[in-house]
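Each remark here refers to the structure printed beneath this line.
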Amino acid sequence: MSLLITGGTGFIGSHTVVELLALDKDIIIVDNLANSSTLVLDRINKITEKSVTFIQADICDRQAMQQVFQQHDIDAVVHFAGLKAVGESSAIPLSYYHNNVSGSVTLFQVMAEYGVKNLVFSSSATVYGENNPSPLDESMPTSATNPYGQTKLMIENILFDLASSDEEWSIACLRYFNPIGAHESGLIGENPNGIPNNLLPYVAQVAVGRLAQLQVFGDDYDTVDGTGVRDYIHVVDLAKGHVKALEKLSKIKGCVPINLGTGNGTSVLEIVNTFKDISGQEIPYKVVPRRAGDIATVFADASVANSLLGWSAQYDLSTMIKDTWRWQSKNPNGFE
Ligand code: NAD
Ligand code: UD1
């Protein structure tokens with residue numbers, strides 16, 4: 001039996017593949033390389049001394065997806081494939097709805113056609129919208145403030161409807177908080193295209209000298225030091241959460257949303273100072289006005305993941321930042 005990993009050459013997908021290979025699972029990656037490269041496959045091989053089957057294909061391509069299911073005996077799918085840049089999603093919303101929503105519907109249809117009804121889906125804490133107080137728990141109302149967030153919410157709602165229509169489906173909707181860090185080998189990590197949107201890759205590129213200065217988006221929030229607070233989680237912890245979700249899928253009936261976060265909040269300036277201490281590099285920064293759509297504080301109630309999956313995050317902030325720095329300093333230009 002094999003596992004299909006869509007988007008498996010991406011940041012979170014590649015770390016999850018490493019954890020799954022350690023369990024001796026047969027892995028088939030489908031990725032269209034829109035935001036990744038096959039260079040990551042050599043790195044995965046170096047870390048695990050195992051190889052995967054890689055198929056360059058788009059999840060929107062029904063025939064290609066049918067071929068994957070025809071040629072392989074797949075029993076579960078971990079679905080990472082998607083576009084994820086919030087700003088870009090407002091500029092080209094139709095591309096996001098097509099790629100993320102239509103692509104997911106095509107994938108789910110092909111899964112149903114081949115009788116594969118076990119799914120782990122990459123959702124996001126973004127589905128909690130702007131109005132819920134932290135700690136965020138899975139019973140809270142959901143909403144979205146941008147097209148990217150809408151795609152995650154729509155896919156979740158499609159999965160709830162699908163699971164209610166057919167009780168054979170077992171679906172874990174994993175709502176990630178802020179994944180950072182990298183594999184401890186320094187061989188794989190986050191490799192954003194162009195100027196990073198997210199805090200950690202931006203800070204890492206300032207530390208390594210690729211970018212001159214961080215802009216801190218607001219220091220007048222009601223938080224410990226006025227800067228935004230988020231729940232940063234090590235990508236390897238996140239990857240292990242997928243392994244647990246796959247192990248427990250047979251016990252999951254229907255579609256269940258599950259937060260993957262640490263339950264702790266860290267401010268922008270706490271990140272900057274910890275990064276500076278660990279890397280020994282200066283991180284010049286300037287405070288600028290708040291970024292539209294940001295809220296003061298976001299962190300998880302991670303108790304469902306603990307009770308349902310037997311999972312909780314293990315890595316602390318300093319390990320997350322050490323691993324981010326090792327990856328960034330060993331690979332200043334990503335995988336190239
Ligand atoms: P990533 O961009 O590194 O990985 C996504 C992968 O999907 C890439 O390799 C890309 O080439 C591939 N892909 C995109 N569209 C595709 C398509 N139509 N067909 C086949 N492959 C396609 O992103 P990531 O950070 O690893 O995120 C993985 C998933 O987790 C995404 O769905 C993302 O929305 C979700 N997520 C990410 C974060 C985060 O902060 N990184 C937070 C919450 C949720
Ligand atoms: C962002 C997205 C969210 C997505 C998440 C993970 C927005 C509005 N939200 O969330 O939908 O799910 O990434 O991909 O884009 N910051 C700076 N300077 C920077 C970058 C960030 O000060 O250059 C601050 C932000 O204001 C925030 C914190 O750092 O307080 C974290 O930002 P970021 O990494 O972008 O994550 P989120 O805001 O949680």
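All residue numbers in this chain count up from 1 along the given sequence. Both counts, for ligands and for their atoms, begin at 1 and track the order of listing.
Of all protein heavy atoms, the one lying nearest to atom 35 (O) of ligand 2 is Arg291 NH2, 2.8 Å. The single protein non-hydrogen atom nearest to atom 24 (C) of ligand 2 is Val268 CG2, 3.6 Å, given as residue, atom name and distance. The protein heavy-atom contact nearest to atom 31 (C) of ligand 2 is Tyr232 OH, 3.4 Å. At the top of the distance list for atom 30 (O) of ligand 2, counting protein heavy atoms only, stands Gly228 CA, 3.5 Å. Of all protein heavy atoms, the one lying nearest to atom 13 (O) of ligand 2 is Asn198 ND2, 2.9 Å. Atom 3 (C) of ligand 2 has Val86 CG2, 3.9 Å as its closest protein atom, hydrogens excluded (heavy atom only). For atom 18 (N) of ligand 2, the nearest non-hydrogen atom of the protein is Gln215 O, 2.7 Å. Looking at atom 8 (C) of ligand 2, its nearest protein heavy atom turns out to be Asp294 OD1, 3.5 Å.
When heavy-atom distances to ligand 2 are checked against a 4.0 Å cut-off, Asn178 comes that close only through its side chain, counted from C-beta outward. Proximity of Leu200 to ligand 2, defined as any heavy-atom pair under 4.0 Å, is not found for any part of the residue. Residue contacts with ligand 2 for Tyr128 are absent, since no atom lies close enough (heavy atoms, distance under 4.0 Å). Under 4.0 Å from ligand 2, not a single heavy atom of Lys84 appears.
Counting only N and O atoms by type, the side chains of Tyr176 and Ser122 include a donor and acceptor under 3.5 Å apart. No side-chain donor-acceptor contact under 3.5 Å links Glu88 and Tyr148. Looking at Ser312 and Asn306, their side chains never bring a donor and an acceptor atom within 3.5 Å of each other. A donor atom on one side chain and an acceptor atom on the other are not found under 3.5 Å apart for Arg291 and Gln215. Between Tyr96 and Asn146, the side chains place no donor N or O within less than 3.5 Å of an acceptor N or O (distance only, hydrogens not considered).
Checked against Lys50 for a side chain to side chain contact (heavy atoms under 4.5 Å, CB included), the options Asp24, Asn45, Ile44 give a single hit: Asp24. Screening Leu4, Ile29, Val30 for a side chain to side chain contact (heavy atoms under 4.5 Å, CB included) with Ile55, the sole residue that qualifies is Val30. With respect to Asn32, the side-chain hydrogen bond (donor to acceptor under 3.5 Å, both in side chains) criterion is satisfied by exactly one of Asp58, Thr6, Asp61: Asp58.
For Tyr148, no nitrogen or oxygen atom sits less than 3.5 Å from a nitrogen or oxygen atom of ligand 2, counting backbone and side chain alike. Below 3.5 Å of separation, one finds an N or O of Leu199 facing an N or O of ligand 2. Taking any N or O of Phe217, backbone or side chain, at least one lies under 3.5 Å from an N or O belonging to ligand 2.
Within the 3.5 Å criterion, the main-chain N or O of Thr38 finds no donor-acceptor partner in the side chain of Thr9.
Ligand-side atoms of ligand 2 in range of Asn197: 20 (C), 35 (O), range being under 4.0 angstrom from any heavy atom. Using a 4.0 Å cut-off to heavy atoms of Val216, the atoms of ligand 2 that qualify are 22 (O). Every atom of ligand 2 is numbered from 1 in the order shown, and the set under 4.0 Å from a heavy atom of Thr126 is 11 (O), 12 (O). The Ser124 neighbourhood of ligand 2 comprises atoms 12 (O), with distances under 4.0 Å to a heavy atom of that residue.
Classification of Lys240 and Asp237 as a salt-bridged pair fails, no side-chain N sitting under 4.0 Å from a carboxylate O.
For the atom pair Asn191 CG and Gln328 CD, the distance stands at 8.5 Å (nearest 0.5 Å). Residue Ile188 holds its CD1 atom at 6.5 Å from CZ of Phe335, rounded to the nearest 0.5 Å. His234 NE2 to Thr319 OG1: the interatomic distance, rounded to the nearest 0.5 Å, is 6.5 Å. Rounded to the nearest 0.5 angstrom, Ile171 CD1 and Ile258 CD1 are separated by 11.5 Å.
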request  = Using the side chain to side chain contact (heavy atoms under 4.5 Å, CB included) rule, take Leu174 and His242 through it: C-alpha gap first, then chi angles, then the decisive distance, then the call.
outcome  = CA-CA 8 Å; Leu174 303 182; His242 292 73; 3.7 Å; yes

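Near ligand 1, residues Gly7, Thr9, Gly10, Phe11, Ile12, Asp31, Asn32, Leu33, Ala34, Asn35, Ser36, Ala57, Asp58, Ile59, Phe80, Ala81, Gly82, Lys84, Asn99, Ser122, Ser123, Ser124, Tyr148, Lys152, Tyr176, Pro179 each place a heavy atom inside the 4.0 Å sphere around the ligand atoms.
Taking the six-membered ring where tryptophan is involved, the planes of His183 and His15 are tilted, since the angle between them lies from 30° to 60°.
Residue Glu184 qualifies as open at atom CD: its count of foreign heavy atoms under 6.0 Å is 12 or below.
Not a single heavy atom of Gly149 sits closer than 4.0 Å to an atom of ligand 2. Using a 4.0 Å heavy-atom cutoff, Tyr285 is absent from the residues neighbouring ligand 2. Proximity of Val298 to ligand 2 is not established, as no heavy-atom distance is less than 4.0 Å.
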